[in-house]
Amino acid sequence: MADPRFFSRSGPFKLKHLAEIAEAEMAEGADPEMEVTDVGPLDAAGPSELSFLDNKKYLPALEGSKAGVCILSPRHAKAAPEGMALLLSTKPYRGYARIAARFYPEPPLEPGIHESAVVDPDAKIGEGAVIGPYCVIDAGAEIGDGTRLGAQVHVGRNVRIGGQCRISSQVTLAYCEIGDRVTIHSGCRIGGRGFGFAMDAEGHEDVPQLGRVLIAEDCELGANVTVDRGAAPDTIIGPGCKIDNLVQIGHNVQMGRGCVIVSQAGVAGSTKLGNFVTLAAQAGVAGHLNLGDGSILAAKSGLMSDMAPGETFGGLPAMPLKQYFKLVAMWKRMLGNERG
Amino acid sequence: MADPRFFSRSGPFKLKHLAEIAEAEMAEGADPEMEVTDVGPLDAAGPSELSFLDNKKYLPALEGSKAGVCILSPRHAKAAPEGMALLLSTKPYRGYARIAARFYPEPPLEPGIHESAVVDPDAKIGEGAVIGPYCVIDAGAEIGDGTRLGAQVHVGRNVRIGGQCRISSQVTLAYCEIGDRVTIHSGCRIGGRGFGFAMDAEGHEDVPQLGRVLIAEDCELGANVTVDRGAAPDTIIGPGCKIDNLVQIGHNVQMGRGCVIVSQAGVAGSTKLGNFVTLAAQAGVAGHLNLGDGSILAAKSGLMSDMAPGETFGGLPAMPLKQYFKLVAMWKRMLGNERG
Amino acid sequence: MADPRFFSRSGPFKLKHLAEIAEAEMAEGADPEMEVTDVGPLDAAGPSELSFLDNKKYLPALEGSKAGVCILSPRHAKAAPEGMALLLSTKPYRGYARIAARFYPEPPLEPGIHESAVVDPDAKIGEGAVIGPYCVIDAGAEIGDGTRLGAQVHVGRNVRIGGQCRISSQVTLAYCEIGDRVTIHSGCRIGGRGFGFAMDAEGHEDVPQLGRVLIAEDCELGANVTVDRGAAPDTIIGPGCKIDNLVQIGHNVQMGRGCVIVSQAGVAGSTKLGNFVTLAAQAGVAGHLNLGDGSILAAKSGLMSDMAPGETFGGLPAMPLKQYFKLVAMWKRMLGNERG
């Protein structure tokens, strides 16, 4: 289904093999030897193809689907059309992710440094690395084994990038260390001067920003994301964090493991996020706050206070989400009375 | 009036010619043979120059203006100073646009591929195309006739760009097809991986993003805009859409014809916009919603529900705009009582 | 303390010298001849190092600090641990800024034009300027003395950049004039077409944008900032303005001296900011407004009206901040009653 101009498909694969990859159970009636040829969305997958159901909003699409196989939660199995082979999993989306990755593995690239790249003789390029056209790699920089840089990337002086990273075109990296298997999308700006200056009617005076940006392994940073370097402590992004497009991370911010920051959200300076904190789209977090493990901030909310572990806040100003929902309900009641 | 270092002026043109271009009517007393030398804003245009009135906020500027000609709505004609020639139009801004384009046509550029560009032998470059310095054009890419690329653009593998497009410097294009006469501003990122992964305390798992970005003819995408490619269906931007700077368009979003997305707004994954939908600045739209033809979301609003065709929503959370205005009025009343 | 891979330290310096630089007074007991070796944050600085206290939130850190010297306000002097040398200043952060800059001066760079840069023969490059790899400088452009361009910068036709500027990698500059000592961070886009068109169901029609962007001396523009050129008047950024990452400045906006625009804020077209106006993070300002000298808009607020000089607004829609605080207090009371 995927456009072959952009994506190369492997397979077909037997259903039993895909079940294993997905750590899913084949439902009664599913043929383990069935040849599955591709993945696709419910409304487009055909009789030899596999789809998934993760969001119950799409149950009607499941009912009308012609997909030969679907991976879904056992509790939705009944809604599937007759004859559809089912893979049962409590984590169907994760299972689908693995199956899709099996069909569409990352294409191999010829290792090497493009002849047009400007690589300082003092830089170290790992084995199997790919350096695209018009990249600029400054003195002292280190690029790990198997790491790929797209076109026109600038890697600043003494920057270290781990192994198996994917750095898209037109990224700029400065004053930073980046772990293994990190993905950075186009236009991402790492290591700029933090927004630190003494404000004054005589004129603002810059405060030297003497920290770095440390990005741990397995992170992903979206397109046109900006991450400023620390003022004196470092700006730190923990392992496995996922940062969406156009997010701003201020200086001295520290993030634990597995945080998810959705598009256009921003975190002001010196705020600390625990592990697996989620900031939904366009959310904003003030500076010098603490956000506990697993805390969640709803989309477009503006957080001015700490969140304890596991708390969910929303609104402007952000408050515990249940309170915010009550407040909104109250507003609607007031509007109703007004009319009556 | 425009700085000749940056803009080359044509003309002068006779008033009757400009009236024709603008599809406007010359008011009584206007001399069809008058030579008009330039365009300019009301407060700066001189006796041989043409200005426009579109926003009634600027009526005082009209009254004090020394412009020789003004294009405006018939209902504002009385406010013009005596002796000013008037072009009457129910669409004065559109008329002005055409006249200004006549005075300042796009400057011609020498067609050709800059010697420093890295163009894969398998790429096709159309006739009359301009490829700027340090562009990188990958294998299988196609650039249409008369299309211009600025400096340091990266066109990914098999990307197709239509004819007469204007791609500014430092744009990255991947996994996409782009129609004719599309304008893309600097730093725009098309075709990045959608923000799709299975969230999990064990670690987030990427879901392969196997769709494309399809941008129809006559669209404009602003500086540092990000548009992610689809997960399986495509991300689609319909004909004539206008997208301002720093906007985020998530994976699988589908937009109809003529939508207008103002600066820093964001649309989350799988949401569908009909034709001529407007999202004002910094608005946010949640995922998996439907926005009907002609619906409007006010600036900074956060939309969590569908909008029917023609509806206008505003607020956080967004509600029908009239309700939101009532709510704000109620708040103000409460504040007034508090004081009393 | 700062990573020597990225920062080169000068010094040590005698305390009396640092007091002079900071225009601070040595408190009783401080040894003017003490050799200070570095600067650092309160929780990390050692006995020969200097730290600062600016935000009273960090008083506990002061109490536990092992820093040999601290610059702080006289009113916080008592909170310092015994034996810590104190520099007293009513502007401790500014004093620290100057001291830190003394320890970490900007590293010298070999002047010159990298052999890979494409510099039009009609461009003028000032004395002592540094032009990085793969920069593209178009005809008629002028780069001032001592100005540094990183890698892959594009300077458009006839653009003028003053002296002693710092332009980071992958910046694009078009239709603009830039004063002396301006800092522009990576991915910043200056001079794009303003978002001006006549909206119409037949199709939107572009209005030629015939103005420039004028950026006065001593400004700083953050990473991935976008500033559109004027429609006919110019877009103007006054002296000493500080603009953080991912900010949008629309066409025809005029800013006075010393304005501070924090990350992800946006200013719509034709709005005028006086001197020393502050827009906090993610704030939005509608078009055609006037913001008086020293006015402040709180984070995430949406401003639909003018602000008089010195006023502070907040909320959505923005209102005088005191009113907004009252409104929020009222909401909380309503929530309390609900529960009761």
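Here is how names work: the chains are called A, B, and so on, in the same order as the sequence lines, proteins then strands, and each is numbered from 1. Bear in mind the structure is a predicted one, so any value in this text is a computation, not a measurement.
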Task: Side chain / backbone / both / neither for A/Tyr104 at chain B, heavy atoms under 4.5 Å - done: side chain
Open item on the list: If you count heavy-atom pairs within less than 4.5 Å of chain A, which of B/Gly266, B/Gly250, B/Pro233, B/Ala174 leads?
Closed with: B/Gly266
Open item on the list: Taking side chain as everything from C-beta outward and backbone as N, CA, C, O, which of these in A/Tyr58 sits under 4.5 Å from a heavy atom of chain B? Side chain, backbone, both or neither.
Closed with: side chain
TODO: Would you mind checking if A/Arg98 and A/Glu23 are paired as a salt bridge, meaning a charged N to carboxylate O distance below 4.0 Å?
DONE: yes
TODO: List the steps, then state whether ring-ring contact (aromatic ring centres under 6.0 Å, His included) holds for A/Tyr93 with B/Phe197.
DONE: CA-CA 8 Å; A/Tyr93 195 43; B/Phe197 52 89; 8.4 Å; no
Open item on the list: How long is the straight-line distance from SG of B/Cys188 back to CG of B/Leu173, given to the nearest 0.5 Å?
Closed with: 7.5 Å
- [ ] Heavy-atom distances under 4.5 Å only: say whether A/Ile243 touches chain B with side chain, backbone, both or neither.
- [x] backbone
TODO: Pull out the residues in residues 205-215 of chain B that come under 4.5 Å of chain A, heavy atom to heavy atom, sorted by number.
DONE: B/Glu205, B/Asp206, B/Val207, B/Pro208, B/Gln209, B/Leu210, B/Gly211, B/Arg212
Task: Under 4.5 Å from a heavy atom of chain B, the part of A/Ser169 involved - done: both
Task: Contacting moiety of A/Ala44, where chain B heavy atoms sit under 4.5 Å - done: neither
Task: Lys/Arg-Asp/Glu bridge criterion (N-O < 4.0 Å) met for A/Arg181, A/Glu220 - done: no
Task: Which atoms of A/Gln152 approach chain B - backbone, side chain, both or neither, heavy atom under 4.5 Å - done: side chain
